[in-house]
Amino acid sequence: MNIQKLKFPIGEYIPNKSPNSDLITKWISEIEDFPAKIENLTHNIPIEKLNWRYRPGGWSLKQVVHHCSDSHMNSFIRFKLALTEDMPIIKPYYEDRWAELTDSKDDDISYSLNLLSGLHKKWIILLKSLTDKQMRLEFIHPEHGEKFNLAETIGNYAWHCQHHMAHIENAIGSNGEYN
């Protein structure tokens, strides 16, 4: 078992600071499709499988779903901050700690799936409306001490969707091996 492959099943994220419009359109499409894909993967899944992990020491399938709603809410807010403030410093959060909270361990993933569906509808409307100038707007991530523009952040979250989709597929395919 290759733990690195289980941790990063589609590979680690490689930033692209200057993507072209075709790539941005592809990324937006991946973000747009994510809620339906995750819903299809988890539809009528028994609670036993929701507790399966995608790798040893990793999150359970339900924690991954709940994490996606948490993470994507944070990203949506970061986009709005960058669009309405001059070089905002965003608020990082401890995703590992959030994943241990009660709502992230709840067997009912329906509310996180509903949240993702509604949130992504709003997010896509916003993303598709961005001008080239707005795509270059930046925020500062204090954890990394770096500036991130909105175009590259779209790529980061397209990757994030695919990354966690693969985690869910791995958890389902694991037959509980990593619990």
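Since we're looking at a predicted model, the values are computed, not measured. Just so it is clear, the values below take in all heavy atoms, side chains as well, and ignore hydrogens, waters and symmetry mates.
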Could you walk me through whether Phe34 and Cys68 pass the side-chain contact (heavy atoms from CB on, under 4.5 Å) check?
CA-CA 10 Å; Phe34 180 68; Cys68 288; 3.7 Å; yes
Check: Ser71 main-chain N/O paired with Ser75 side-chain donor or acceptor under 3.5 Å
no
Output for pair (Arg55 CZ, Glu177 CD), nearest 0.5 Å, gives 14.0 Å
Practice task
Mark yes or no for whether Trp159, through its side chain, and Gly11, through its backbone, hold a donor-acceptor pair below 3.5 Å.
Solution key: yes
Checking Thr84, Leu83, Asn149, Leu81 against Leu137 for side-chain contact (heavy atoms from CB on, under 4.5 Å), the one that qualifies is Leu83
Q) Would you say the side chains of Tyr111 and Asp103 form a donor-acceptor pair under 3.5 Å? A) no
When every non-hydrogen atom of Tyr54 is compared with those of Lys7, the smallest separation belongs to CE1-CA, 4.4 Å
Sorted by chain and residue number, the salt bridge (charged side-chain N to carboxylate O under 4.0 Å, His left out) partners of Asp107 (sequence neighbours excluded) come out as Lys62
- Task: Mind running side-chain contact (heavy atoms from CB on, under 4.5 Å) on Leu119 and Phe76 for me, showing each step along the way?
- Result: CA-CA 8 Å; Leu119 177 64; Phe76 181 68; 3.7 Å; yes
Given the rule in the side-chain contact (heavy atoms from CB on, under 4.5 Å) test, do Ile140 and Glu146 qualify, once you have shown the distances and angles that lead to the verdict? CA-CA 6 Å; Ile140 299 168; Glu146 290 183 51; over 6 Å; no
Residues Ile124 and Ile28: closest non-hydrogen pair is CD1-O, 3.5 Å
Smallest heavy-atom separation, Glu152 atom then Tyr13 atom, equals O-OH, 3.1 Å
Notebook entry, point to check: Should we say atom NZ of Lys17 is surrounded by more than 12 heavy atoms from elsewhere, each under 6.0 Å from it?
Noted result: yes
Check whether Ser174 reaches the backbone of Ala171 with its side chain - one donor and one acceptor, N or O, closer than 3.5 Å. yes
inquiry  = Show, in sequence, the C-alpha distance, side-chain angles and deciding distance for Met135 and Ile154, and conclude whether the side-chain contact (heavy atoms from CB on, under 4.5 Å) test is met.
reply    = CA-CA 9 Å; Met135 288 283 188; Ile154 294 170; 3.7 Å; yes
Members sharing Trp52's hydrophobic cluster, built from side-chain contacts under 4.5 Å between Ile, Leu, Val, Met, Phe, Trp and Tyr, are none
Heavy-atom nearest pair, Ala82 first then Phe139, reads CB-CD2, 4.3 Å
- Query: Can you find a side-chain donor-acceptor pair between Glu32 and Ser29 that sits under 3.5 Å?
  - Reply: no
Gln162 meets the side chain to side chain contact (heavy atoms under 4.5 Å, CB included) criterion, sequence neighbours left out, with Ile10, Glu30
CG (Asn156) and CG (Asn16) are apart, to the nearest 0.5 Å, by 11.5 Å
*Are Trp59 and Val65 grouped together when hydrophobic residues (ILVMFWY) are joined by side-chain heavy atoms under 4.5 angstrom apart?*
yes
**Prompt:** Has Asp132 got more than 12 heavy atoms of other residues, nucleotides or ligands less than 6.0 Å from its CG?
**Reply:** no
ask   = Could you go step by step and tell me if Phe8 and His163 meet the ring-ring contact (aromatic ring centres under 6.0 Å, His included) rule?
value = CA-CA 7 Å; Phe8 296 102; His163 171 70; 5.7 Å; yes
Distance col, row Ile24:CD1 vs Lys128:NZ, nearest 0.5 angstrom, shows 14.0 Å
**Message:** Strictly distance-based, threshold 3.5 Å: is any side-chain N or O of Asn179 a donor or acceptor partner for the main-chain N or O of Asn51?
**Reply:** yes
**Asked** Is there side-chain contact between Leu6 and Pro56, with heavy atoms separated by less than 4.5 Å?
**Response** yes
Less than 3.5 Å apart, which donor and acceptor atoms pair up between the side chains of residues 95-102 and the rest of the protein, not counting sequence neighbours?
unit_1, atom_1, unit_2, atom_2, d
Glu100, OE1, Lys105, NZ, 2.7

Here the gap from Leu150 atom CG to Leu127 atom CG, rounded to the nearest 0.5 Å, amounts to 8.5 Å
**Prompt:** When you measure from the side chain of Arg53 to the backbone N and O of Tyr178, does any donor-acceptor pair fall under 3.5 Å?
**Reply:** no
Taking the side chain as every heavy atom from C-beta outward, state whether Lys80 and Glu85 have any atom pair closer than 4.5 Å.
no
d(Ile168 CD1, Leu61 CG) to nearest 0.5 Å is 5.5 Å
Output for pair (His66 NE2, Ser112 OG), nearest 0.5 Å, gives 4.5 Å
Looking only at heavy atoms, the pair that brings Trp27 and Ala151 closest together is CZ3-O, 3.4 Å
Sequence neighbours excluded and cut-off under 3.5 Å, please list the side-chain donor-acceptor pairs for residues 36-50, or say none.
unit_1, atom_1, unit_2, atom_2, d
Asn40, ND2, Ala36, O, 3.3
Thr42, OG1, Ile38, O, 2.8

On a heavy-atom basis, the closest approach of His141 and Phe148 is CB-CE1, 3.5 Å
State plainly whether one hydrophobic cluster holds both Met73 and Phe79, where clusters connect Ile, Leu, Val, Met, Phe, Trp and Tyr through side-chain heavy atoms under 4.5 angstrom apart.
yes
With sequence neighbours left out, the residues meeting ring pair (Phe, Tyr, Trp, His ring centres under 6.0 Å) with Tyr157 are His72, Trp123, His160
